Amino acid sequence: MRRSSFFLPTLKETPSEAQIASHRLMLRAGMVRQSAAGIYSWLPLGLKVLRRIERIVREEQDAAGAQELLMPTIQSADIWRESGRYDAYGKEMLRIRDRHDREMLFGPTNEELITQLFRDNVKSYRDLPKILYHIQWKFRDEVRPRFGVMRGREFLMKDSYSFDLDFEGAKKSYETMFTAYLKTFKRMGLTAIPMRADSGAIGGNLTHEFHILAETGESGVFYDVAYDELAAKGEIDLEALDRLYAATDEKHVPGAPGVPPAERLREARGIEVGHIFYFGTKYSKAMNAVVQGPNGEPVAVEMGSYGIGVSRLVGAIIEAHHDERGIIWPASVAPFQVGLINLKSGDAACDAVCDDLYAKLAKAGIDTLYDDRDDRAGVKFADMDLIGLPWQVVVGPKGVAAGIVELKNRATGERVELSAESALARLAE
RNA sequence: CGGGGAGUAGCUCAGCCUGGUAGAGCAUGGCGUUUGGGACGCCAGGGCCGCAAGUUCGAAUCUUGUCUCCCCGACCA
């Protein structure tokens with residue numbers, strides 16, 4: 001993509017409504033624009049990141065055996081009356097009426113819809129287990145939206161739902177998702193700590209929240225210092241994790257059994273990026289989601305639900321990866337892998353080297369943002385650092401005369417001078 | 001939902017107290033000089049001063065109402 005034609009309105013100054021780093025940077029980097037409190041338009045750069053995160057989530061869900069479908073954003077109030085949540089949910093639910101005055105709502109979650117879908121189409125235990133998921137926009141009419149996309153009213157969420165014949169099966173589904181979540185977050189350059197958590201409005205007795213540690217996190221969390229060591233090693237050891245203490249402040253009871261001694265207990269702030277629940281037959285019983293068991297008896301299915309805040313993750317990743325100059329994208333979610341900077345657009349030699357590199361990068365399958373604008377060097381450097389692509393290739397008249405370009409690593413700041421061909425080879429690795 | 005703050009140019013903000021022709025910097029367009037880390041000079045365009053009532057000869061400025069946005073708390077995937 002050529003920067004000169006890319007819709008990327010970056011800002012030198014910080015809009016006054018933004019308080020935390022990720023919100024400031026998402027506005028400055030031209031990723032999103034607010035349209036109403038907690039409701040955002042995603043501009044091309046932001047959308048590219050959102051799509052990359054979505055893709056990782058999708059790949060890990062598929063790998064775990066979950067199947068993707070897509071349920072609507074607008075739901076009928078009827079099924080929510082069946083589960084009893086139409087009245088229980090409160091003002092967070094955005095209620096609307098259609099032209100026939102039927103009561104509708106903009107879905108805040110999808111337990112009712114998926115349960116209806118399941119009960120209408122699955123009748124036998126032989127069709128179990130199933131894990132179904134979708135990635136869809138939700139709306140929760142938060143009293144106080146804040147922190148940009150981290151706590152928006154409209155947000156993109158991946159939600160999975162598991163259906164099993166018995167508790168043993170449900171527990172297995174839960175563990176499958178648990179592991180998938182750890183892999184998912186790790187691929188995005190995040191260390192997520194699974195915490196014992198309050199189950200909130202969804203209800204149930206087995207639940208974990210996945211938190212990323214960040215000073216600006218909304219939740220207070222407590223965890224065993226051993227997590228810091230595990231995070232450093234980058235391994236996923238389910239059994240080790242299961243043994244270690246970690247809890248949100250809602251569940252944390254100082255001095256209770258299992259709580260580590262003070263010197264091994266860490267207190268921090270966390271951003272909740274995922275939440276998984278086992279809730280048994282809560283919805284299947286209320287909504288009559290029953291299959292016929294091996295002996296012909298009716299069995300209310302055992303269910304669980306598993307959410308990942310996809311749009312929230314964009315903000316969370318920035319909270320975890322930025323510096324004073326701007327964003328530092330992990331390669332796995334970066335909107336482009338390489339930023340190619342032509343320091344002297346219009347100069348025949350510089351243009352020739354850049355055009356050639358740009359074409360070869362494209363041919364190598366490397367998504368590149370080529371800053372071909374006729375502007376000052378400082379503007380391009382600052383802009384490129386702000387949007388945080390993992391690699392920058394700087395092409396200037398002095399270097400071109402000497403047959404070299406500069407390759408800069410955004411995360412480390414390390415720069416090396418080398419030939420255009422070598423740079424290309426390095427990037428293609 | 002309780003408490004607080006703010007709405008003036010695309011962005012950041014001044015002007016309001018003490019009513020009298022709408023301002024600055026950045027951004028945008030033109031010209032010139034510049035050119036390896038957000039340049040400089042000159043010129044130009046751009047405003048329902050959130051909206052509505054009221055007070056007044058006259059309101060960005062004072063009064064009332066209303067809408068919106070932000071912050072703290074409570075709540076919450």
Side-chain angles (χ1 to χ4, degrees), chain A residues 9-20 23-24 27-28 30 33-39 89-93 107-111 136-160 181 197-204 207-211 218-219 248 250 270-277 305-313 316 324-326 341-347 350 371 373-387 392-402 404-406 408 413 415 417:
Chain A
T10 54
L11 302 172
K12 205 153 103 179
E13 288 176 283
T14 304
S16 55
E17 76 256 25
Q19 300 299 314
I20 62 168
H23 191 194
R24 281 201 304 269
L27 290 168
R28 287 193 55 211
R33 287 293 182 266
Q34 179 166 300
S35 104
I39 301 177
Y89 216 93
K91 299 186 82 170
E92 265 196 1
M93 179 185 280
T109 178
N110 288 66
E111 279 82 8
Q136 178 65 292
W137 292 92
K138 307 289 192 293
F139 194 93
R140 290 183 194 172
D141 200 356
E142 296 284 345
V143 193
R144 191 180 155 215
R146 64 190 118 166
F147 302 150
V149 300
M150 300 251 285
R151 186 162 205 76
R153 290 194 292 171
E154 189 183 55
F155 57 98
L156 188 61
M157 178 171 165
K158 186 286 301 178
D159 39 324
S160 309
Y181 273 36
D198 191 76
S199 62
I202 300 204
T207 177
H208 284 85
E209 287 180 5
F210 290 76
H211 282 262
E218 286 193 87
S219 320
T248 59
E250 292 160 329
I271 300 169
E272 183 189 349
V273 291
H275 199 161
I276 63 179
F277 306 86
S305 74
Y306 315 88
I308 289 181
V310 176
S311 49
R312 173 180 283 183
L313 272 167
E324 62 289 342
R325 292 181 174 284
I341 298 178
N342 186 342
L343 285 181
K344 195 167 186 180
S345 267
D347 175 88
C350 286
D371 196 340
R373 293 175 301 174
D374 179 18
D375 218 326
R376 299 180 65 83
V379 171
K380 300 183 191 182
F381 286 132
D383 231 35
M384 205 58 91
D385 284 347
L386 174 64
I387 66 176
Q392 295 173 14
V393 179
V394 182
V395 176
K398 292 175 201 162
V400 166
I404 54 167
V405 301
E406 184 180 287
K408 176 182 159 184
R415 306 172 200 205
E417 294 191 331

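Every chain is numbered from 1 and lettered A, B, ... according to where its sequence line falls, protein lines coming before strand lines. All values derive from a computational prediction rather than experimental measurement.
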Base, sugar-phosphate, or nothing for A:Ala36, non-hydrogen atoms under 4.0 angstrom?
->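 The residue A:Ala36 makes sugar-phosphate contact but no base contact.
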Remember a base hit wins even if backbone is also touched, and classify A:Met150 as base, sugar-phosphate or nothing at under 4.0 Å, heavy atoms.
-> base
side-chain hydrogen bond (donor to acceptor under 3.5 Å, both in side chains) with A:Gln19: which residues, sequence neighbours excluded?
->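 So A:Gln19 forms no side-chain hydrogen bond (donor to acceptor under 3.5 Å, both in side chains) with any residue.
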As a test of reading the structure: which of [options] is closest to the side chain of [X], going by heavy atoms?
| X | options | value |
| --- | --- | --- |
| A:Arg146 | B:C69, B:C71, B:C13 | B:C71 |
| A:Pro15 | B:C11, B:C71, B:C1 | B:C11 |
| A:Val143 | B:A74, B:C11, B:C69 | B:A74 |

Which residues pass the salt bridge (charged side-chain N to carboxylate O under 4.0 Å, His left out) test with [X], sequence neighbours left out?
| X | answer |
| --- | --- |
| A:Asp383 | A:Arg3, A:Arg373 |
| A:Glu154 | none |
| A:Asp347 | none |

Nucleotide paired to [N] in any strand shown, Watson-Crick or G-U, under 3.5 Å:
| N | answer |
| --- | --- |
| B:G54 | B:C62 |
| B:U12 | B:A24 |
| B:C75 | none |
| B:A6 | B:U68 |
| B:G32 | B:C40 |

Extract from the structure each pairing of a protein N or O with an N or O of nucleotides 36-43 of chain B at less than 3.5 Å, listing the distance.
unit_1: B:G36; atom_1: O6; unit_2: A:Gly399; atom_2: N; d: 3.4
unit_1: B:G36; atom_1: N2; unit_2: A:Glu406; atom_2: OE1; d: 2.9
unit_1: B:G37; atom_1: O6; unit_2: A:Arg415; atom_2: NH1; d: 3.3
unit_1: B:G37; atom_1: O6; unit_2: A:Arg415; atom_2: NH2; d: 3.0
unit_1: B:G37; atom_1: N1; unit_2: A:Asp385; atom_2: OD2; d: 3.2
unit_1: B:G37; atom_1: N2; unit_2: A:Arg325; atom_2: NH1; d: 3.1
unit_1: B:G37; atom_1: N2; unit_2: A:Asp385; atom_2: OD2; d: 2.2
unit_1: B:G38; atom_1: O4'; unit_2: A:Gly378; atom_2: O; d: 3.4
unit_1: B:G38; atom_1: O2'; unit_2: A:Lys12; atom_2: NZ; d: 3.0
unit_1: B:G38; atom_1: O6; unit_2: A:Arg28; atom_2: NH2; d: 3.0
unit_1: B:G38; atom_1: N1; unit_2: A:Asp383; atom_2: OD1; d: 3.4
unit_1: B:A39; atom_1: OP2; unit_2: A:Arg376; atom_2: NE; d: 3.3
unit_1: B:A39; atom_1: N9; unit_2: A:Arg376; atom_2: NH1; d: 3.4
unit_1: B:A39; atom_1: N7; unit_2: A:Arg376; atom_2: NH1; d: 3.4

Partners passing ring-ring contact (aromatic ring centres under 6.0 Å, His included) against A:Phe147 (at least two apart in sequence or in another chain) = none
Are side-chain heavy atoms of A:Phe139 and A:Ile39 found at a separation under 4.5 Å?
-> yes
Nearest-nucleotide comparison on RNA chain B, the residue closer to the 5′ end among A:Thr14 and A:Glu17 = A:Thr14
For the base of B:G25, is there a side-chain donor-acceptor partner from A:Glu13 under 3.5 Å away?
-> yes
